[in-house]
2 protein chains.
Amino acid sequence: MPTERAVNPIAGGSLLAEQAYEELKGAVLTNRLRPGDALSVPALAAQMGISRSPVREAVQRLIHDGLATHVPHRGAVVATVDVEDVRQLYVVRAVMEGLAARLATERLDATKVAELRELLEEHERVVAAGEDEQRHIEMDVAYHRLIREVADNPHLTAALDTIQGKAHLALHSLWRSPDAPRLALEEHRRIFEAMTSGDTDAADRAAREHIDRLRIRLAQTVASGPEPGEGPSSVRAVP
Amino acid sequence: MPTERAVNPIAGGSLLAEQAYEELKGAVLTNRLRPGDALSVPALAAQMGISRSPVREAVQRLIHDGLATHVPHRGAVVATVDVEDVRQLYVVRAVMEGLAARLATERLDATKVAELRELLEEHERVVAAGEDEQRHIEMDVAYHRLIREVADNPHLTAALDTIQGKAHLALHSLWRSPDAPRLALEEHRRIFEAMTSGDTDAADRAAREHIDRLRIRLAQTVASGPEPGEGPSSVRAVP
DNA sequence: CCGGTGAATATTGCATGCAACATAGGGTCA
DNA sequence: TGACCCTATGTTGCATGCAATATTCACCGG
């Protein structure tokens, strides 16, 4: 077991627990900590250079978010998402993104339209340049996040953040389709068109269908390429 | 300030933090702790007869659930839900209960139908007997919870639990309509009919409309009778 | 009578100690 | 060689200590 630490030391300002949480979440979401990896509170505390209290708190928040699971007397481990999990995740996410798009359509103004267009164009560049998967996921997350922000419903935002966090985690293990970014971008554009035309029903439908298609493509990808067997914390690179 | 404790001592078995969380949540949801009440970790720890660590953890979970808010350097206080909060809450809840009903319809079997009918009949007795509000809320919560259970989607369940928790909290402050229980029961029956007839669309619609009507009735109640003034736990009235 | 100032108070958040406990691994015995 | 036991290690979860800090209340001056 290499001493290669998956998390970085904490600066040491205020709210160590918060910083530890962000660091851990980042490590999980960028796949530096992989599903199945152990989250030992003492070990992480040592690596971050802080005591166990804030780390313990951070790990528990991760568990609460569904990004880690608690194995009795074995500590916490980064959550493993199976195909069925993802399916159920996306069924829920579809109706919530639909609602978000609907609400956002009602509250859209010129500023927000510009921001959305901006994001779409940047996403376009990323896709055109064939940049890395990580970057694409970031754009995808950012786009949906902005829609939520426009929708301006904190309860919806909170629920969707949790759902999307788990989905984000799943993408690392499951998403292997090379033209997925292009398709996603296309569907993002369709949502944009519906929203800017003021058609709430169409926006709702477009967002729901986007997530539904994502779910279907994910299922197909998994079905075709059953995933090279990879142990918890082994060394494989993302293809 | 009366020494009247709002929370009970903890038995002392295993997982004190969990027990403390349940105790606190119960106190909040049954209105023994009211919106605005302070949640002092040292005080609660003393009342429960345990140390601060598990209590701190419990309070943080409450905050994460939206049942409490963190006021800087003043400790945590039981969350205050205003009318707008409730409206936004129910907008989200409507689509999620709709999805739950839809999924439940697809997975319904004879056993679950019997359980649902059982609950409805008990609810009927409660309404007929004109029992207390608390009991009615319990029935309402139980009914929706059972639908979720049948729907069998853990992510949907988790999200809805959080949403319903906040809604539950809101009801104490806002629900003053005497015939609300009767109307709710009636709408529960309608959802039941749609589900047992196997019509997923109708079930979805019925559940969504139920929550929407709930939201509208709540808004009307609040608009007509602005609430008998009752302050946090002491003197102030809600502005 | 009222406003301002200072000290006492109570809070949080982090660090650390410690007992209980399950697991893993090695060594022993049949 | 294979199964079993027993110890060593790692973990959790709770208790407690402690510094930093904002609030509150009383008291004093105007």
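Here the structure is a predicted model, which is why all the values come from computation and not from measurement. Throughout, a chain's letter reflects where its sequence line sits, starting with A, and its residues are numbered from 1.
- Considering only residues two or more places apart in sequence or on other chains, A:Y21 meets the side-chain hydrogen bond (donor to acceptor under 3.5 Å, both in side chains) condition with A:D65.
- Atom OH of A:Y21 and atom C1' of C:dG13 are 19 Å apart (whole Å).
- Listed in residue order, the members of residues 52-67 of chain A having a heavy atom less than 4.0 Å from DNA chain C are A:R52, A:S53, A:P54.
- Checked against salt bridge (Lys or Arg N to Asp or Glu O under 4.0 Å), A:E18 has the following partners two or more places apart in sequence or in another chain: A:R61.
- By the side-chain hydrogen bond (donor to acceptor under 3.5 Å, both in side chains) test, A:D85 pairs with B:H155, sequence neighbours left out.
- Applying the side-chain contact (heavy atoms from CB on, under 4.5 Å) rule to B:A20 yields the partners B:M48, B:I50, B:A58; only residues at least two apart in sequence or on another chain are considered.
- Here D:dT12 presents its C1' atom at 14 Å from CG of A:L39, a figure rounded to the nearest Å.
- In this structure, B:L15 places its CG atom 17 Å from P of C:dA20, rounding to the nearest Å.
- Listed pair B:H70 / C:dG13 meets the phosphate criterion, a side-chain N or O lying under 4.0 Å from OP1 or OP2.
- Not counting sequence neighbours, B:D82 has no partner by the side-chain hydrogen bond (donor to acceptor under 3.5 Å, both in side chains) test.
- With sequence neighbours excluded, the residues that form a side-chain contact (heavy atoms from CB on, under 4.5 Å) with B:Q60 are A:E57, B:R56.
- Side-chain N/O atoms of B:S51 include none lying less than 4.0 angstrom from OP1 or OP2 on D:dC14.
- Salt bridge annotation for A:R32-A:E23: present, with a cationic side-chain nitrogen under 4.0 angstrom from a carboxylate oxygen.
- The existence of a salt bridge linking A:D212 and A:R215 is confirmed by a sub-4.0 Å separation between a basic side-chain nitrogen and an acidic carboxylate oxygen.
- For the helix from C:dC1-D:dG30 to C:dA30-D:dT1, the terminal axes (five pairs an end, C1' atoms, rotation from four pairs onto the next four) enclose an angle of 10°, given to 10 degrees.
- Partners of A:D152 according to the side-chain contact (heavy atoms from CB on, under 4.5 Å) rule, which considers only residues two or more places apart in sequence or in another chain, are A:R107.
- Taking atom CG of B:L44 as the reference point, atom P of C:dT11 lies 10 Å away to the nearest angstrom.
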Report all interatomic pairs (protein N or O, nucleotide N or O of nucleotides 19-25 of chain D) with separations under 3.5 Å.
residue: D:dT24; atom: OP1; partner: B:R74; partner atom: NH1; Å: 3.3

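- Going from atom CG of B:L16 over to atom P of D:dT16 covers 12 Å, rounded to whole Å.
- With sequence neighbours excluded, the residues satisfying side-chain hydrogen bond (donor to acceptor under 3.5 Å, both in side chains) with A:E149 are A:K112.
- Listed by first then second residue, pairs satisfying ring-ring contact (aromatic ring centres under 6.0 Å, His included) with a partner in residues 48-72 of chain A read A:H64-B:H64, not counting sequence neighbours.
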